[in-house]
Amino acid sequence: MPEQPYHTREEFNYVGKAGLKRKDGLEKAAGTALFTRDVYLPGMLIAKTFESPYAHAKIVSMDTSKAEAYPGVHAVLRYDDPELAYEFEYPSWGWSAQYQHPLNQIAHWAGCPMGFAIAAVDEQTVDEAMKLVEIEWEILPFELDYEQSAKDDVILEAHRDIDTNIRSAEGVIEHELGDVEKGMQEADNIVKFTYIDEEDTWGGVEALSCIAVWRGDHLDIWVHNQTPNPAQMRLAGYHQWVPVGYFVRVAPPVNQYTLANKIHVHSLYQGAQFGGPNWNTWYCNYPLTAAWLAKRAQKPVKHILDRSHFENRGYDEAVHYMEVGFKNDGTITALKSLDYGSTIDFPFKVGKGTGVPNYYDTVIVPYVNKGPKSCYRHGMKECGGLNLPYSIVAGELGMPMTEVALKNDGCYGNSMEWINENVKAQYGWTRDSLKEVIEAGKEAIGWDEKWHLPGEKKLDNGRYHGIGLAFSHNWEVDPNTYFQPNQACVAIQRTEGSVKLIARHSDGGWTGETSYCQIVADELGAKYDDVEIRPFDDVKFELKQGMGSCGLICSSVFLVEAARNCKKKLLEICTEPTGPGGRQIFPGLTPDDLEVKDSVVFEKANPDNKKTFYEVCQADWQFHDPAIGWAANRRHGMEIWNLLRQATFMEVEVDTETGEVIIKKVVNVNDVGKCVTPESVKGQQYGGSYMGIGNSRNEEVLYDTQTGFQINDNLIDYKWFSFNDIEGPMEQIIIETGMGYGAYGMSGCSEVVGALMATSTSDAIFNATGKRVTHFPTTPDRVLKALGKI
Amino acid sequence: MPHERNKDPKNISRRQFLRDAGIVVGGTAVGSAFILTACGEEKEITKTVTKTDTVTTTAPGTTVTQTATETATKYVCPVCNEEFDSLDELKNHFESEHPDDKEIKDELDRVVTYTVNGHQYVLQVDPQETLHDVLREKCGYLSLKDMCTGWGACGSCTVIVEGKPILGCMALAREFDGANMETSEGLAQKKHPLIDTYVKHYTMQCGYCTPGFIVTSKALLDMNPNPTVEDIRDKLAGNLCRCGTYPQHIPAVQEAAEILQQGGE
């Protein structure tokens, strides 16, 4: 059997086992788990950054003297203060120009934190002092529409120097595979359609905060941030080059002489972090502001932002003009798209997860006066770009979507036949992930009995029945080419023989602590209950946390290696003649003679010859090294193929009088390669479903077009899905083909689930009504519009 | 949280005016004296009284002495030092006997007593303070979260008051004088089965909303010991979870109900 890309293992005691006690469970249930917002320090001040009252405006002059003199105010930081004399460059999706400075002089969106920040004895004093700041504004025109902005004659302030509103960093991006014109010529049919995704918002539940306190030239800082390492680097002012280009230009250090190892970033439990927003500039800016205010005030400062649920919006907002060419048997020959939106990511899913041989995509990323955008637990846009053309082809030909999906499966334009021969064969992989996923999903939802031609099944209750499908490749990140330096240490504690996993890790809610300990326990031969990680403090070892996606996949690789290295050291200690007079713990034996299980080292040929970890640690401990192993991720240049498939099957009823879509059943089938913690995977499947359906059915940021302000910036008017919003049952199916690139062939799943909800619902609505809704979220008015009723 | 006083009477906000009418003293668990400051003087208005009863039993050849100690809180009038068994009695006394001492009366009106998870607190609360703020910042019950930041939309600040779940962010603290309250910390301390079943069923992801769900579930089980799936969905529908754990709450609540019905704690 050829070697698979990463570690394999024959037997597992804990990995994949259900029923293990969740490591973070008790404190989260009891309410004693500490989140950043829960940190209170003696003498702590409260700080806020001013928020712009205009969608686009420039501070001409600003007088903060009255605020500075206001009783209870300890520090005021201004955009023109010398500490903030440098700008930062954060290229990303649709918002880079908005946050070049922690306290920008220019407001680029309504509510934008900018101008100045105040630290005072309490929040009310901060609010009162803020009202005393006098600002002379230059009001500027604003634009909220991406497509319009790209065509506008009015150039927005941030881009005056380049004479266009199209962003300079990525601007117009063209993606090409094969020959799209030739592909269109080969097609029997060509269909054009428009696909629109409106803006939604991240909505992390714990309102933002950051606490900073100086102790001499050491800075302790608590960040509500899934990526404490970039925050630390930013604070230290280190130049950090990364492939996608953020942090390309860097700030001066908070203290010119402060190195990162004098900055101690504490990452407590994180109230709903879902990736992208963490590396948004605001997340790196507010620790900087808090640190400077704390330095000026010589007191601890807690910087808060209460409306942070709406501070980061989803990066899916875009309008796509698409064209699909296909043969009468369902083979897609070409796909073409012109996109105006906030990200360049659109075509990725088509490339990674299909055998469509020809596509051409032009992505135009203009600048608009909206808040910062980033990805969070979804990728609806990319999955829409993949699934809507498939669904349309199926609809045009009267075929089930399942057949179109299987017919066009592949990777990077290569067919599955080619993949089987040239990719899978080298690792001995024989399984067909999409086929297994679709078969399992069809059976669970009763596809063969329930699927019908569009609009042909009216129910007794007057509604129309529909069934739909959306699928994607797995979310896959090559663990060893990941851009963040990650490392972990596994140590057997000399005092008691317990096992400590030493690494900072930011809790994303997916039970990382539990999964990590399962892996370490299996690899080291320890009892699961003996392994602990307390990941909050800055120990200068990082588990993977660069972006948020695929955390366990990336961390698993060097967790396995660290645990194996620790085991190697343990067995050396057991057999080396280093005790008094050359005494050995296991006399006359070599490491190969020994095995480890349940925190006990024993002789393979004589299992009664054994010692517990505690006994090993206590035996002649003065003469041995400690049993410690560590590992780090590293580059290897391996080519990554996305071979796992994941799908959502959706059954709905559509009320054609009201436009209401009732979810009757959801089946998620996820090939996760190797499942580490079954309850956690199912939790991600449930969670992705609720968030994804909410995104695609309800959630839309609405603006007052006269002022540019969001008019639903609270959780009453911007409605998340809650308990009763999905009427029918959910079924979660886990498939393990082992073809991922994490340890044991694992891969991620939660983002896929969320991303597939929109188009699986859309496919089901089409099956119910014969009318297609490609404008998301699929609110009742959009359904009625598709039906021609409004 | 510490406050600095604004001593300039010409430059004073409404909040500061309200606050400066008397010094805000953080909550104190009964056992230490609660100090009220008014008219430039500090007065202890609570004191702990210890009562010891000694019983001596004599039998042929032996003498056994048994001692029983009880502690009780007395509320002391800051004007006449008369002692009362309850804060209400003290307030009633003050209103009838010292009607002209309006400044002290105002201060006394801001004093409340809570019993939270079995612990008694005497607190002075500002008129605009919410129960959420007081329980978190003065009593230290951090299980009350503030997901929606005060919109009453999420249920993360739910606390059981006199057996009913209420939203701490929508409730003014001074309205709950004398109330008995339960939070998630208290349920864990009492080893309520919901804590274990939530852990067992992985009924959480990030965990920020979890205490609010558990407290709501506890109130549900108190009112309805054998809830159906629909009952659970309906009663928990006011709690938001961005991670989407909703379906995992059903087995956790059902199993806790079974344990309770079997007499488990």
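Lettering of chains follows the sequences in order, A, B, ..., and the numbering in each one begins at 1.
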J.: Describe, in one word, how the ring planes of B/Tyr246 and A/Tyr690 are oriented to each other, choosing from parallel (under 30°), tilted (30 to 60°) and perpendicular (over 60°).
T.: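 Ring orientation, 0 to 90° scale: perpendicular.
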J.: Name the member of B/Gly238, B/Ser143, B/Gly186 that forms the most heavy-atom pairs with chain A at distances under 4.5 Å.
T.: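 Looking at each of B/Gly238, B/Ser143, B/Gly186 in turn, B/Ser143 comes out on top.
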J.: Hey, what do you get for CG (A/Asn714) to SG (B/Cys154), rounding to the nearest 0.5 Å?
T.: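 With rounding to 0.5 Å, CG (A/Asn714) is 11.5 Å from SG (B/Cys154).
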J.: So which residue, A/Lys719, A/Glu206, A/Met691, ends up with the most heavy-atom pairs under 4.5 Å with chain B?
T.: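 If we count pairs closer than 4.5 Å to chain B, A/Glu206 comes out on top.
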J.: So which of A/Gly694, A/Gly509, A/Gly19 has the biggest tally of heavy-atom pairs under 4.5 Å with chain B?
T.: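 Ranked by heavy-atom pairs under 4.5 Å with chain B, first place is A/Gly509.
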J.: What part of A/Ser750 is in contact with chain B, defined as an atom under 4.5 angstrom from a non-hydrogen atom: side chain, backbone, both or neither?
T.: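 Neither the backbone nor the side chain of A/Ser750 comes within 4.5 Å of chain B.
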J.: Output the option from B/Gly212, B/Ser156, B/Ala153 having the highest count of non-hydrogen pairs under 4.5 Å with chain A.
T.: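 Result: the option with the highest number of such pairs is B/Ala153.
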J.: So, for B/Ala237 and A/Asn724, which heavy atoms are closest and what is the spacing to 0.1 Å?
T.: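 Taking B/Ala237 first and A/Asn724 second, the nearest heavy atoms are CB-ND2, 3.7 Å.
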J.: Is chain B contacted by the side chain of A/Asp38, its backbone, both, or neither, given a heavy-atom distance below 4.5 Å?
T.: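 Looking at A/Asp38, backbone and side chain both touch chain B.
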J.: Checking heavy atoms, do the side chain of A/Thr511, its backbone, both or neither come under 4.5 Å from chain B?
T.: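 Contact with chain B: side chain only.
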J.: Under 4.5 Å heavy-atom distance to chain B, tell me which part of A/Ala272 shows up: side chain, backbone, both or neither.
T.: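 Looking at A/Ala272, backbone and side chain both touch chain B.
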J.: Measure A/Leu34 against the heavy atoms of chain B and call it side chain, backbone, both or neither at under 4.5 Å.
T.: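 When you check distances to chain B, only side chain atoms of A/Leu34 fall under 4.5 Å.
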J.: Between A/Lys21, A/Lys682, A/Glu27, A/Arg22, who has the most heavy-atom pairs with chain B when the cutoff is under 4.5 Å?
T.: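 Greatest number of close heavy-atom pairs with chain B: A/Arg22.
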J.: Would you call B/Tyr208 and A/Arg37 a side-chain contact if the rule is heavy atoms closer than 4.5 Å?
T.: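 Yes, close enough: below the 4.5 Å cut-off.
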J.: Can you tell me how far the OG1 atom of B/Thr149 sits from the CG atom of A/Leu305, to the nearest 0.5 Å?
T.: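 Atom-to-atom, B/Thr149:OG1 and A/Leu305:CG are 9.5 Å apart.
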J.: Is there side-chain contact between A/Val205 and B/Cys209, with at least one heavy-atom pair below 4.5 Å?
T.: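 Counting from C-beta outward, A/Val205 and B/Cys209 never come under 4.5 Å.
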J.: B/Leu240 versus chain A, heavy atoms under 4.5 Å apart: side chain, backbone, both or neither?
T.: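 The side chain, not the backbone.
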J.: So which atom in B/Glu185 and which in A/Thr32 form the shortest heavy-atom distance, rounded to 0.1 Å?
T.: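 In terms of heavy atoms, the two residues are closest at CG-CG2, 4.1 Å.
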J.: Let me see the working for A/Phe723 and B/His249 under side-chain contact (heavy atoms from CB on, under 4.5 Å), right down to the final yes or no.
T.: CA-CA 10 Å; A/Phe723 224 124; B/His249 291 262; 4.0 Å; yes
J.: One pair to check against side-chain contact (heavy atoms from CB on, under 4.5 Å): A/Ile716 and B/Trp151. What are the steps and the verdict?
T.: CA-CA 7 Å; A/Ile716 297 283; B/Trp151 282 81; 4.1 Å; yes
J.: Of the backbone (N, CA, C, O) and the side chain (C-beta and beyond), which part of A/Gln684 lies under 4.5 Å from a heavy atom of chain B, both, or neither?
T.: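 For A/Gln684, backbone and side chain are both near chain B.
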J.: Going from CD on A/Glu679 to CE on B/Met204, what distance comes out if it is rounded to the nearest 0.5 angstrom?
T.: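 So the CD of A/Glu679 and the CE of B/Met204 are separated by 11.5 Å.
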J.: Could you have a look at A/Ala207, A/Gly683, A/Gly688 and say which one has the most heavy-atom pairs with chain B under 4.5 angstrom?
T.: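 Answer, by heavy-atom pair count under 4.5 Å with chain B: A/Gly683.
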J.: On a heavy-atom basis, which atom in A/Asp507 and which in B/Cys206 lie closest, and how many Å separate them?
T.: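 Result for this residue pair: OD2-O, 4.2 Å.
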J.: Return the option, out of B/Met147, B/Gln189, B/Glu230, B/Lys145, with the maximum number of heavy-atom pairs under 4.5 Å with chain A.
T.: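 The answer is B/Met147.
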J.: Heavy-atom pairs under 4.5 Å with chain A are the metric here; pick the option from B/Ile232, B/Thr210, B/Ile195, B/Leu144 that has the most.
T.: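 Among B/Ile232, B/Thr210, B/Ile195, B/Leu144, the one with the most close pairs to chain A is B/Ile195.
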J.: Indicate yes or no for a side-chain donor-acceptor contact from B/Ser184 to the backbone of A/Ala29 under 3.5 Å, with no hydrogens or angles considered.
T.: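 A pair under 3.5 Å: yes.
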J.: Under 4.5 Å between any side-chain heavy atoms of A/Tyr40 and B/Leu142, yes or no?
T.: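 When only atoms from C-beta onward are counted, B/Leu142 and A/Tyr40 do touch, with a gap below 4.5 Å.
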J.: Which heavy atom of B/Pro247 sits nearest a heavy atom of A/Met730, and at what distance?
T.: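 Closest heavy-atom pair between B/Pro247 and A/Met730: CG-SD, 4.4 Å.
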J.: For A/Thr677, is it the side chain, the backbone, both or neither that has a heavy atom under 4.5 Å from a heavy atom of chain B?
T.: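 Side chain of A/Thr677 only, per the 4.5 Å heavy-atom cut-off to chain B.
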J.: Between B/Arg242 and A/Glu699, which heavy-atom pair has the shortest distance, and what is it?
T.: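 Taking every non-hydrogen atom into account, NH1-OE2, 2.7 Å.
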J.: Can you tell me how far apart SG (B/Cys243) and CH2 (A/Trp510) are? Round to the nearest 0.5 Å.
T.: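 Result: 13.0 Å between the selected atoms.
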